[in-house]
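Following: one structure in structure tokens, then a few remarks.
To find a chain, count down the sequence lines: A is the first, B the second, and so on, and within it residues start at 1. Only this structure's heavy atoms are used, side chains among them; waters, hydrogens and symmetry mates stay out.
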4 protein chains.
Amino acid sequence: MAPTPDPSRRSAASRRAVLDAALELVQEVPYARLSIEGIAARARVGKQTIYRWWPSKAAILLDAFLALSEGDDGQAPVLPDTGDLVADLRLVLRATVAELTDPRLDAPMRALAAEAVHDATVAELYRDRLDGPLRDAKRQRLRSAQEAGQLAADVDLDVAVDLVWGPVLSRWLHRSGPLTEEFADQVLDAALDGLRARPGR
Amino acid sequence: MAPTPDPSRRSAASRRAVLDAALELVQEVPYARLSIEGIAARARVGKQTIYRWWPSKAAILLDAFLALSEGDDGQAPVLPDTGDLVADLRLVLRATVAELTDPRLDAPMRALAAEAVHDATVAELYRDRLDGPLRDAKRQRLRSAQEAGQLAADVDLDVAVDLVWGPVLSRWLHRSGPLTEEFADQVLDAALDGLRARPGR
Amino acid sequence: MAPTPDPSRRSAASRRAVLDAALELVQEVPYARLSIEGIAARARVGKQTIYRWWPSKAAILLDAFLALSEGDDGQAPVLPDTGDLVADLRLVLRATVAELTDPRLDAPMRALAAEAVHDATVAELYRDRLDGPLRDAKRQRLRSAQEAGQLAADVDLDVAVDLVWGPVLSRWLHRSGPLTEEFADQVLDAALDGLRARPGR
Amino acid sequence: MAPTPDPSRRSAASRRAVLDAALELVQEVPYARLSIEGIAARARVGKQTIYRWWPSKAAILLDAFLALSEGDDGQAPVLPDTGDLVADLRLVLRATVAELTDPRLDAPMRALAAEAVHDATVAELYRDRLDGPLRDAKRQRLRSAQEAGQLAADVDLDVAVDLVWGPVLSRWLHRSGPLTEEFADQVLDAALDGLRARPGR
DNA sequence: TCATAACCGAGACGGTACGTCGGGTCTTGTA
DNA sequence: TACAAGACCCGACGTACCGTCTCGGTTATGA
């Protein structure tokens with residue numbers, strides 16, 4: 001159905017220009033005013049070139065966002081594993097908070113996240129290309145901890161990932177409170193030790 | 001500057017018609033195609049009437065959504081408090097999952113949530129009129145548990161709320177996995193008891 | 001089929017602005033570059049306003065052209081009838097030549113004529129609103145001459161009109177030679193007296 | 001500046017394909033939708049091939065049209081000269097009418113004529129390659145008649161040509177009436193004998 | 001004989017304009 | 001004065017072509 005043109009003839013310069021323009025614009029103007037027309041104009045590129053290679057505005061943003069984290073190219077992300085679960089997770093969760101509050105990343109990530117919220121197609125793209133690999137890494141680190149006997153054996157790792165990162169993501173998306181390192185630490189502690197009052201603690 | 005029209009002369013019929021039309025349309029068409037023009041046409045209402053009474057599309061959705069949960073009118077929500085924290089929270093968290101998966105509520109809630117993700121103004125509206133009262137109730141229930149010695153004394157209640165509901169919201173928004181009662185229960189158990197492996201458990 | 005909006009709500013200012021802009025542009029730029037987009041921009045008018053009220057670019061030109069000859073408003077044109085057929089026709093045919101060579105009229109008339117050449121719909125519009133009334137006047141003047149015994153009784157008046165004006169129009173359209181008063185006079189003389197050599201002439 | 005490619009290497013097959021495609025398309029679709037892109041696609045030819053060999057769409061049409069009347073190749077056209085001026089002209093004028101009403105020729109001729117109306121460059125092409133030789137032949141036949149004393153000595157031959165063919169062309173272009181053999185005959189009679197009432201006729 | 005230069009098909013590219021949709025404002029007539 | 005209706009200016013949509021520009025591939029000489 002999709003005529004999908006020959007990628008070998010694709011202009012790398014145009015691709016970069018579009019991605020850069022998208023990133024610039026998503027930070028300059030409110031999301032609702034981000035238009036393909038505007039991206040094309042800023043990138044000095046014909047609109048057709050955009051429509052030829054990207055199926056949606058969200059797909060551009062996704063590519064643009066992936067292009068931001070250039071170094072990781074190719075290899076799947078891996079979480080640090082020093083053996084000290086708490087320290088490792090604290091590091092990573094703080095990094096997550098730092099990313100989410102980085103003004104350079106906030107705008108495109110919000111744009112993507114919002115798009116994913118109401119469009120399952122975009123959600124799938126987002127999951128496959130951005131969140132998925134990262135989630136695998138998180139699950140992997142927790143599995144390692146579980147195997148080392150540091151994590152309860154009966155805990156579903158997907159649940160565990162959501163328990164640690166869910167609160168942070170939720171607070172970021174809903175702006176339901178300040179998103180700080182302190183919050184990250186509190187969440188981590190609570191997630192590991194539980195909310196319940198326990199004697200001998 | 002704002003003309004702020006006289007609310008006493010407002011047509012209740014038009015208000016209802018707009019809200020109903022918005023709810024119908026948000027379920028019929030993909031969110032991107034939900035237009036004020038379309039709502040006005042469906043509601044047999046002049047566009048000006050909408051612009052007179054609502055500041056944004058999101059505000060319409062919010063009103064429409066509030067109108068859905070009519071019974072709660074006025075009084076602030078309260079969580080059950082039978083003394084059995086686990087049972088109470090399980091009930092409520094399952095109810096949350098039920099709401100989020102109710103096809104009748106899913107569409108407008110997603111629309112609102114997405115709008116809130118990229119627009120801080122909408123996020124505030126959302127927080128004040130929808131999420132806020134509910135969050136207070138959650139915090140209140142947890143405070144009661146804390147006072148009863150069921151919750152660790154040093155736990156920040158906002159962190160606690162996010163630890164319990166954050167994973168559910170996050171999974172809903174990102175569609176990162178199936179959103180089931182079982183998941184709710186797992187999250188609750190993990191949140192209360194922690195992920196960490198502990199002897200004597 | 002056509003939704004044809006209510007003409008009573010039409011903005012007279014926009015109408016004028018569009019017509020003026022069209023006339024200006026058709027004289028400034030080659031016809032192929034005359035765009036509705038350009039007319040709308042020049043007229044400071046939304047494109048939709050043009051599409052609402054005119055079915056085609058040619059229709060705009062036609063209205064614009066009719067607006068040029070403002071004085072004639074309403075009343076049908078009449079050719080002079082002094083009794084002296086030759087003098088009357090000479091006057092009118094020279095006026096035709098003058099119009100066709102007037103740089104202010106040449107551009108829009110060519111645009112219209114060309115459009116009419118390949119589009120029968122436009123040709124009909126053109127005939128009904130521009131050429132028709134004028135042709136009636138010509139026929140009427142010739143009929144009067146015929147009744148006065150100045151024109152051969154067996155001549156079809158439509159043929160007669162074409163014999164007098166056809167050569168001029170043809171030369172204008174095809175630029176097959178200089179379009180001068182002298183040419184008009186020669187055509188008129190030849191049309192009245194015929195090409196054939198005759199004794200006693 | 002112009003690279004002027006080597007004509008000896010030109011692909012005759014491509015030339016034919018373009019000309020054929022142009023003729024087909026000009027008859028299938030309204031002129032405004034006739035695109036070089038479309039011609040190239042139909043002819044299975046690269047766009048560059050068209051741009052290399054033809055300066056404009058009109059030039060393609062002209063070539064295509066000339067290719068239709070293949071037989072006349074090279075030699076200039078000549079009008080019959082039997083000595084009987086009326087019979088000869090009647091024959092030719094009827095043939096003109098037949099051509100103009102031939103549905104196979106009508107579309108490309110209209111396209112060309114319309115293009116010539118608003119573009120003086122095309123008009124020149126048209127005159128030089130199509131109309132010019134024919135006009136010479138007409139003038140030649142009339143000169144012969146004039147020398148034989150059949151045509152008034154003081155008649156300008158260009159005026160004479162326009163007097164005979166102008167009405168027919170004009171009616172064709174403006175569709176101002178039915179274009180029939182009868183009309184041709186009437187025009188011819190009127191042109192030769194004049195419109196004026198004359199005693200002894 | 002074979003390189004090498006042209007034409008060729010294909011089609012991506014930066015652009016301009018198309019005709020449509022919707023945004024938010026303003027006007028008109030009715031209740 | 002609120003309302004239904006809808007015209008208005010404007011900006012963006014996604015598409016069609018423009019004319020230019022590579023890309024391989026195939027002829028078709030001329031070193």
Side-chain angles (χ1 to χ4, degrees), chain A residues 3 5-11 13-15 17 32-41 43-53 56-57, chain B residues 3 5-11 13-14 17 32-41 43-53 55-57, chain C residues 3 5-11 13-14 17 32-41 43-53 56-57, chain D residues 3 5-11 13-15 17 32-41 43-53 55-57:
Chain A
D6 178 355
S8 77
R9 314 201 61 186
R10 183 168 190 181
S11 156
S14 294
R15 200 189 103 95
R33 303 202 38 196
L34 179 68
S35 64
I36 291 191
E37 192 118 352
I39 296 174
R44 304 303 241 91
V45 139
K47 277 201 282 178
Q48 205 56 255
T49 298
I50 296 187
Y51 285 108
R52 190 159 23 232
W53 299 111
S56 70
K57 204 157 62 182
Chain B
D6 179 355
S8 74
R9 311 204 48 170
R10 181 167 190 181
S11 156
S14 292
R33 303 206 37 197
L34 178 67
S35 65
I36 292 194
E37 193 122 342
I39 295 173
R44 303 304 238 95
V45 139
K47 277 203 284 176
Q48 201 56 256
T49 299
I50 295 187
Y51 284 107
R52 199 173 359 246
W53 299 112
S56 70
K57 202 160 63 182
Chain C
D6 178 355
S8 77
R9 315 201 60 186
R10 182 168 190 180
S11 157
S14 293
R33 304 205 36 197
L34 179 67
S35 65
I36 291 191
E37 192 119 351
I39 295 174
R44 304 301 240 92
V45 139
K47 276 201 285 178
Q48 203 59 257
T49 299
I50 296 187
Y51 285 107
R52 190 160 23 233
W53 298 112
S56 71
K57 205 157 63 182
Chain D
D6 179 356
S8 76
R9 311 203 52 174
R10 181 169 190 181
S11 157
S14 293
R15 200 188 101 94
R33 306 207 35 196
L34 179 67
S35 66
I36 291 193
E37 194 123 342
I39 295 174
R44 304 304 238 94
V45 140
K47 279 203 284 175
Q48 201 58 256
T49 299
I50 295 186
Y51 285 106
R52 206 184 341 257
W53 300 111
S56 70
K57 202 160 62 182

Using whole Å, what does the distance between atom [atom2] of nucleotide [N] and atom [atom1] of [X] come to?
| X | N | atom1 | atom2 | value |
| --- | --- | --- | --- | --- |
| Ile50(D) | dA10(E) | CD1 | P | 12 Å |
| Trp53(A) | dG14(F) | CH2 | P | 19 Å |
| Ile39(A) | dG11(F) | CD1 | P | 18 Å |
| Tyr51(A) | dG14(E) | OH | P | 15 Å |
| Glu37(C) | dC13(F) | CD | C1' | 12 Å |
| Asp6(D) | dC8(E) | CG | P | 10 Å |
| Arg52(A) | dA16(F) | CZ | C1' | 12 Å |
| Arg33(B) | dC21(E) | CZ | C1' | 9 Å |

Minimal heavy-atom distance between Asp6(D) and Trp53(D), with the atoms involved, is O-CH2, 3.5 Å

Here the pair of heavy atoms bringing Ala17(B) nearest to Ala43(B) is O-CB, 3.5 Å

Can you tell me if Thr49(C) touches the phosphate of dA7(F), counting only side-chain N or O atoms and a distance under 4.0 Å to OP1 or OP2? no

Does a side-chain N or O from Ser14(C) land closer than 4.0 Å to OP1 or OP2 of dA7(F), or not?
no

If you look at every strand shown and take non-hydrogen atoms under 4.0 Å, does [X] touch a base, only sugar-phosphate, or nothing?
| X | value |
| --- | --- |
| Ser8(A) | nothing |
| Arg44(B) | sugar-phosphate |
| Arg10(A) | sugar-phosphate |

| field | base_contact_polar (dT27(E) base, Arg9(C) side chain, donor-acceptor, <3.5 Å) | value | yes

| message | Regarding dG11(E), can its base be found pairing with the side chain of Lys47(D) as donor and acceptor, where the two atoms are less than 3.5 Å apart? | response | no

When rounded to the nearest 0.5 Å, the distance separating OG1 of Thr49(C) from NZ of Lys47(C) is 12.0 Å

OG of Ser35(D) to NZ of Lys57(D), rounded to nearest 0.5 Å, is 7.0 Å

The answer to which of Leu34(C) and Gln48(B) contacts DNA chain E further toward the 5' end, by nearest nucleotide, is Leu34(C)

Whichever of Lys57(B) and Ser11(D) has the more 5' nearest nucleotide on DNA chain E, that residue is Ser11(D)

Of Ala40(B) and Ile36(A), the one whose closest nucleotide on DNA chain F sits nearer the 5' end is Ala40(B)

Exercise for the section: Take atom CZ of Arg44(D) as the centre, draw a 6.0 Å sphere, and report whether it contains more than 12 heavy atoms from other residues, nucleotides or ligands. Expected result: no

